[in-house]
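Take a look at the structure set out below.
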Amino acid sequence: MASKTTYTAPGVDVIIERSAVEQQSAETDFLNVYVGTGITSRNRNIEKTNIKADTTNFPRVTLTFDLVGEVNTDLFSKMNFTIGQVVVKRATTPEGEDTELTLQPTTDYTIEQQLTFSKTDSTASVTLNILNASVTANDVIYNLDIQVGVADKDFDLRVIGAEDRFFSKELFGPVVLNENDEEFYNDIAIAAEIAFRMEVPRFYYLEVPRNYGEQPTIDDYRKALDKIYFHNDAYRIVPLTSDPEVVSVVNQLVSAVSNPVDRRETVGFISYDTTKITNMDDINELVEKVGGYSQSMNNKRIVNVFGGESAEILINSQLYVVPDYYVSAAVASLDSVVGKVDPLSLRTIDVFERINGPKFRPRQWDLLAKNGVFIVMQDNDSTPAVIRHQLTTSKSTAAEDQEYSIVKNFDVVVKKIRDRFAVYAGQFNVESGYTERLEGTMATVRQEIIEEKLAKDLTVITPWSQRENSDGRNLVTRLKMSPVYPANDLDVYLII
């Protein structure tokens, strides 16, 4: 229930009730976005065999079957289903005739009722009108050939909550995908399992468009990642790949959209392709390659997580050795539950059975950290993995650029202020009393931020004033923020 406390800023004669400010705009969440290969592809064939048909109203035949593990049932309404060949296993076969009869569309059957899906029991059903006179009501076993198509525009961010874990198999499918005799990991399914185990309350997942039996291309990733822009609460972007081209797109995205004009902030949790490392126990090689990768990014909004060459995770009693980028996914999951401003250093990650990485001494880890590497280490197999350094890839020596939690703290405060002031943009003329309204709201938001322990203090350095720039005329105020955890005070420019 909203508080009725009122505030009056110094020298301001407008009283603003906190409840009025709180109701002006909903606060933006900080959600994870796991981006990668999922069960969904642009086109795929599904063969369903030995379906027992309901022939009560023959020649109308209803076939009901399970689609779990075949498609993402959350996307069912977006999918285009086409029934191809239908095979009937005949109950009685005249001498010299085949035991199976293949029915062709239009000539041997028509669709009486299109494919429907029941969320109650995760089954699909279709009703056919049988035209072939050789088929009888006693023929009750059918095989179906189904083509499924999904348009690229329907591969979009989808939000899921902890309460949906029970339905994860229906949504994401199996851990390992077997397509065209090729096996590869279902990245979205594994990342979601990690998030569920770490009790992430809500998160986005983004299946990248791809062809059946193939991994997404860099263009597929680029087009998919562009969709993140339209979700203000998409904060931690986790590409489920170490492909440097994909990482480069993520780096460009977070840099491009994190600004006052686009009015949003994002960060990226990426990883280095450890297959390029010849000796995992050679700290000099790691500094050169993994550290050099961070240095090439030089971005306070990118964290390059390094834990080793792979990790081991137990899912449904099966042990899987998965790539290092799942450690990045685990770090992002941890960050979403520890608190909006809390640091990550020395926190443990116990979702993995083991992290297959080097066993260095602290001074050796520090050599890697000096190059902007976010380090997750495991001293021995009997203890959980620990975050040793929570560094961004920025080359800056300033704590507000180097320490990830400070970047996050800054973003939390900026987003909260922006959410409170968003209702003013384009709604009022700048006239007498307008800046007093802004100052009253600022006084309220400042008090909220301090009470919620999002900052130690927030001080107005310069009052509201008009400023001309290439985007037109803006109202600007300058604030000084003291982060919750020790660091230099930050100067923040708020533009409306």
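Here E448 pairs with R420 in a salt bridge; the nearest charged N to carboxylate O distance falls below 4.0 Å. Checked for salt-bridge contact, D419 and K416 miss the test: no charged N lies under 4.0 Å from a carboxylate O. A salt bridge links D381 and R354; the closest N-O separation between the charged side-chain nitrogens and carboxylate oxygens is under 4.0 Å. We find that D335 and R236 are joined by a salt bridge, their nearest charged nitrogen and carboxylate oxygen being less than 4.0 Å apart.
Between S333 and Y34, the side chains place a donor N or O and an acceptor N or O closer than 3.5 Å (distance only, hydrogens not considered). Under 3.5 Å, the side chains of D219 and T217 contain no donor-acceptor pair of N or O atoms. The closest side-chain donor-acceptor pair between T348 and D350, if any, does not fall under 3.5 angstrom.
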Just distance, no hydrogens or angles: give the donor-acceptor pairs under 3.5 Å from side chains in residues 77-91, sequence neighbours left out.
from: K89; atom 1: NZ; to: N50; atom 2: OD1; distance (Å): 2.6
from: R90; atom 1: NH1; to: E97; atom 2: OE1; distance (Å): 2.8
from: R90; atom 1: NH2; to: E97; atom 2: OE1; distance (Å): 3.3

Using distance only, find each side-chain donor-acceptor pair of residues 310-320 under 3.5 Å and give its atom names and separation, not counting sequence neighbours.
from: S310; atom 1: OG; to: N356; atom 2: ND2; distance (Å): 2.9
from: E312; atom 1: OE2; to: N356; atom 2: ND2; distance (Å): 3.3

Pairs of donor and acceptor atoms involving the side chains of residues 155-164, under 3.5 Å and at least two apart or interchain, shall be tabulated with distances.
from: D164; atom 1: OD2; to: G161; atom 2: N; distance (Å): 3.0

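Residues V250 and P239 share a closest heavy-atom pair of CG2-CG, 3.9 Å. Considering every non-hydrogen atom in both T274 and F306, the closest pair reads CG2-CE1, 4.3 Å. For Y272 against N304, the heavy-atom pair with the smallest separation is N-OD1, 3.5 Å. Considering all non-hydrogen atoms of both residues, V414 and E265 come closest at CG1-OE2, 3.9 Å. For the pair Q215 and R210, the tightest heavy-atom approach, listed with the atom from each and the gap, is C-CB, 4.2 Å. Residues T102 and D108 come closest through the heavy atom pair O-OD2, 3.8 Å.
Here the straight-line distance linking atom CD1 of I375 with atom CG of L368 works out to 4.5 Å at 0.5 Å rounding. Put simply, CD on E70 and NZ on K48 are 4.5 Å apart, with the number rounded to the nearest 0.5 Å.
Within 6.0 Å of NZ on K52 lie no more than 12 heavy atoms contributed by other residues, nucleotides or ligands. Within a 6.0 Å sphere centred on NZ of K169, heavy atoms belonging to other residues, nucleotides or ligands number 12 at most. At most 12 non-hydrogen atoms from other residues, nucleotides or ligands lie less than 6.0 angstrom from NZ of K223. The 12-atom threshold is not exceeded at CD of E199, counting heavy atoms of other residues, nucleotides or ligands nearer than 6.0 Å.
Side-chain contact between Y212 and R42: absent, with no pair of heavy atoms (C-beta onward) separated by less than 4.5 Å. Side-chain atoms of Y293 and V247, non-hydrogen and from C-beta on, do get closer than 4.5 Å to each other. Contact annotation: the side chain of I146 approaches that of F65 to within less than 4.5 Å [non-hydrogen atoms, C-beta and beyond]. Residues Q378 and F352 have side chains not in contact (no heavy-atom distance under 4.5 Å, counting atoms from C-beta outward). The shortest distance between side-chain heavy atoms of V338 and K408 falls below 4.5 Å. A heavy-atom distance below 4.5 Å is found between the side chains of P174 and I39. Within the 4.5 Å cutoff, no side-chain heavy atoms of E47 are placed close to those of N143. No side-chain heavy atom of K276 sits less than 4.5 Å from a side-chain heavy atom of S242.
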Verdict with reasoning, T275 to D273, per side-chain hydrogen bond (donor to acceptor under 3.5 Å, both in side chains): CA-CA 5 Å; T275 61; D273 183 0; 2.6 Å; yes
Start with the C-alpha gap between N251 and S248, add the side-chain angles, then the distance that decides, and say whether side-chain hydrogen bond (donor to acceptor under 3.5 Å, both in side chains) holds. CA-CA 5 Å; N251 185 29; S248 177; 5.8 Å; no
Test side-chain contact (heavy atoms from CB on, under 4.5 Å) applied to L334 and I387, step by step: CA-CA 11 Å; L334 175 65; I387 295 174; 3.7 Å; yes
